[in-house]
Amino acid sequence: SALMGALYQRAVDRFPRACTAIRFIGLTPRSSDARRLLVDLVGLLEGHAGAPGLADREFHELADRLRDALERRAAAGPVILFLDALDQLSDADHGRSLSWFPFTLPAAVKLVVTTLAPDGTLEALERRLPGTQRLDIPPMPVAEGETLLAAWLGQAGRTLVLVQRQAFLARFAASGNPLFLRLLFEEARRLPSWADVTDLPDTVEGMADSLFRRLFLDHGEMVTARCLGFLGAARFGLSDQEILDALQADQEFWTAFVRSSYHDLPVESRGAAA
């Protein structure tokens, strides 16, 4: 997903006149719906997102309309589409079988997709596409992981002693997962030089649990749970101020916050909460 995001940004910068878009499938329950994906793509290509009646069409009609929309849009200029995680499509409407997928494209259209292997969507792609159009993304080599970790630590103004760095890289070498490395960095950036790191988790899930436990300890269970809940419910994320506004509007949280405050709060703040 990170690679697709970087490719998308590069395409936008390099081909400013092209119709360029990216969709991260599985990011939300809505994004896993193949029908909604087709409606979204057709609306994008035809320039009328959310067109009335489009979502009520039969699934095969939407697939045909997507192919027609690609033909018409390509006549006006290049089209570059990135679809990340086809394997995250739901089984509804046979989305994972890729019966809707436009395997034959106009010359001005480029379509870049990702899927996990082995997976049914990969098999569907392999049956229709030549091997020259497939690129396998292997685990990140340890040497690259070491360079990336050093770069992140440098940006944060931090470093690791030799025994800590070796321990972190040994954990990373078992998976080669860049997301796992990023979570390792979040731990590394706050460690003192004397800290023991032999009990580090060795999975993404374990590192995430460790991160959440630390957040609970540092900030308290209520504020951490509320903030994560707000972020999970938001469609497009939240700014710092929006999170603060949501917390202030939460009467249970605000009551607990006022009770635990060391100083009296301004009258305006209390009034706003009411």
Side-chain angles (χ1 to χ4, degrees), residues 1-47 49 54 57-141 144 175-179:
S1 296
L3 176 62
M4 288 286 275
L7 290 174
Y8 164 74
Q9 190 57 58
R10 183 173 298 182
V12 169
D13 295 339
R14 195 172 173 189
F15 306 103
R17 297 182 180 276
C19 173
T20 308
I22 187 169
R23 295 295 180 270
F24 293 99
I25 301 168
L27 193 61
T28 65
R30 183 183 186 280
S31 67
S32 296
D33 188 309
R35 173 180 293 274
R36 290 182 179 275
L37 176 63
L38 292 188
V39 169
D40 184 28
L41 292 177
V42 170
L44 168 73
L45 294 168
E46 295 184 350
L54 195 58
R57 300 293 183 91
E58 294 292 332
F59 189 73
H60 68 88
E61 291 182 291
L62 289 172
D64 291 340
R65 187 157 172 175
L66 173 61
R67 298 182 181 95
D68 293 340
L70 284 170
E71 290 281 355
R72 291 193 298 271
R73 186 62 182 80
V79 178
I80 309 173
L81 299 179
F82 297 87
L83 303 180
D84 182 51
L86 291 178
D87 54 287
Q88 294 296 312
L89 285 171
S90 66
D91 291 329
D93 296 313
H94 305 288
R96 290 168 61 84
S97 71
L98 302 189
S99 60
W100 56 272
F101 193 84
F103 285 98
T104 302
L105 297 172
V109 176
K110 301 299 180 185
L111 181 56
V112 184
V113 303
T114 65
T115 187
L116 289 179
D119 181 82
T121 53
L122 175 61
E123 296 169 358
L125 289 169
E126 288 180 326
R127 285 194 296 269
R128 299 289 301 274
L129 297 176
T132 54
Q133 295 187 13
R134 169 179 168 174
L135 176 64
D136 292 322
I137 308 298
M140 179 179 285
E144 291 185 13
S175 67
N177 186 332
L179 175 57

Does the pair Val109 and Leu81 meet the rule for a side-chain contact (heavy atoms from CB on, under 4.5 Å), with working shown? CA-CA 8 Å; Val109 176; Leu81 299 179; 5.5 Å; no
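- Every pair tested for side-chain hydrogen bond (donor to acceptor under 3.5 Å, both in side chains) that includes a residue from residues 101-111 fails, sequence neighbours excluded, so the list is empty.
- Side chains of Thr121 and Val113 form no contact here, defined as non-hydrogen atoms less than 4.5 Å apart.
- Judged by distance alone, with hydrogens and angles left aside, the side-chain atoms of Arg96 form no donor-acceptor pair with the main-chain N or O of Ala34 at under 3.5 Å.
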Could you tabulate the donor-acceptor pairs under 3.5 Å formed by side-chain atoms of residues 1-19, not counting sequence neighbours?
{"residue": "Ser1", "atom": "OG", "partner": "Asp84", "partner atom": "OD2", "Å": "2.5"}
{"residue": "Gln9", "atom": "NE2", "partner": "Asp13", "partner atom": "OD1", "Å": "3.1"}

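- At least one donor-acceptor pair under 3.5 Å links the side chain of Ser32 to the backbone N or O of Gln88.
- Counting all heavy atoms, side chain and backbone alike, Gly176 lies closest to Pro178 at O-CD, 3.3 Å.
- Note: Ile137 CD1 to Leu116 CG = 12.0 Å, rounded to the nearest 0.5 Å.
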Give the table of side-chain donor-acceptor pairs shorter than 3.5 Å for residues 67-76, with sequence neighbours excluded, one pair per line with atom names and distance.
{"residue": "Arg67", "atom": "NH1", "partner": "Ala63", "partner atom": "O", "Å": "3.3"}
{"residue": "Arg67", "atom": "NH1", "partner": "Asp64", "partner atom": "OD1", "Å": "3.3"}
{"residue": "Arg67", "atom": "NH2", "partner": "Ser99", "partner atom": "O", "Å": "3.3"}
{"residue": "Arg67", "atom": "NH2", "partner": "Trp100", "partner atom": "O", "Å": "3.4"}
{"residue": "Arg72", "atom": "NH2", "partner": "Glu46", "partner atom": "OE2", "Å": "2.8"}

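- Atom OG1 of residue Thr115 and atom CG of residue Leu83 lie 11.5 Å apart, to the nearest 0.5 angstrom.
- Checking side-chain atoms of Thr114 against main-chain N and O of Ala85 turns up a donor-acceptor pair under 3.5 Å.
- The salt bridge (charged side-chain N to carboxylate O under 4.0 Å, His left out) search around Arg23 returns Asp40, not counting sequence neighbours.
- By the ring pair (Phe, Tyr, Trp, His ring centres under 6.0 Å) test, Phe101 pairs with Phe103, sequence neighbours left out.
- The two residues Gly26 and Ser31 come nearest to each other via the heavy atoms N-OG, 3.0 Å.
- Using a 4.5 Å heavy-atom threshold, the side chains of Leu66 and Leu45 count as touching.
- In terms of heavy atoms, Leu111 sits closest to Pro102 at CD2-CG, 4.0 Å.
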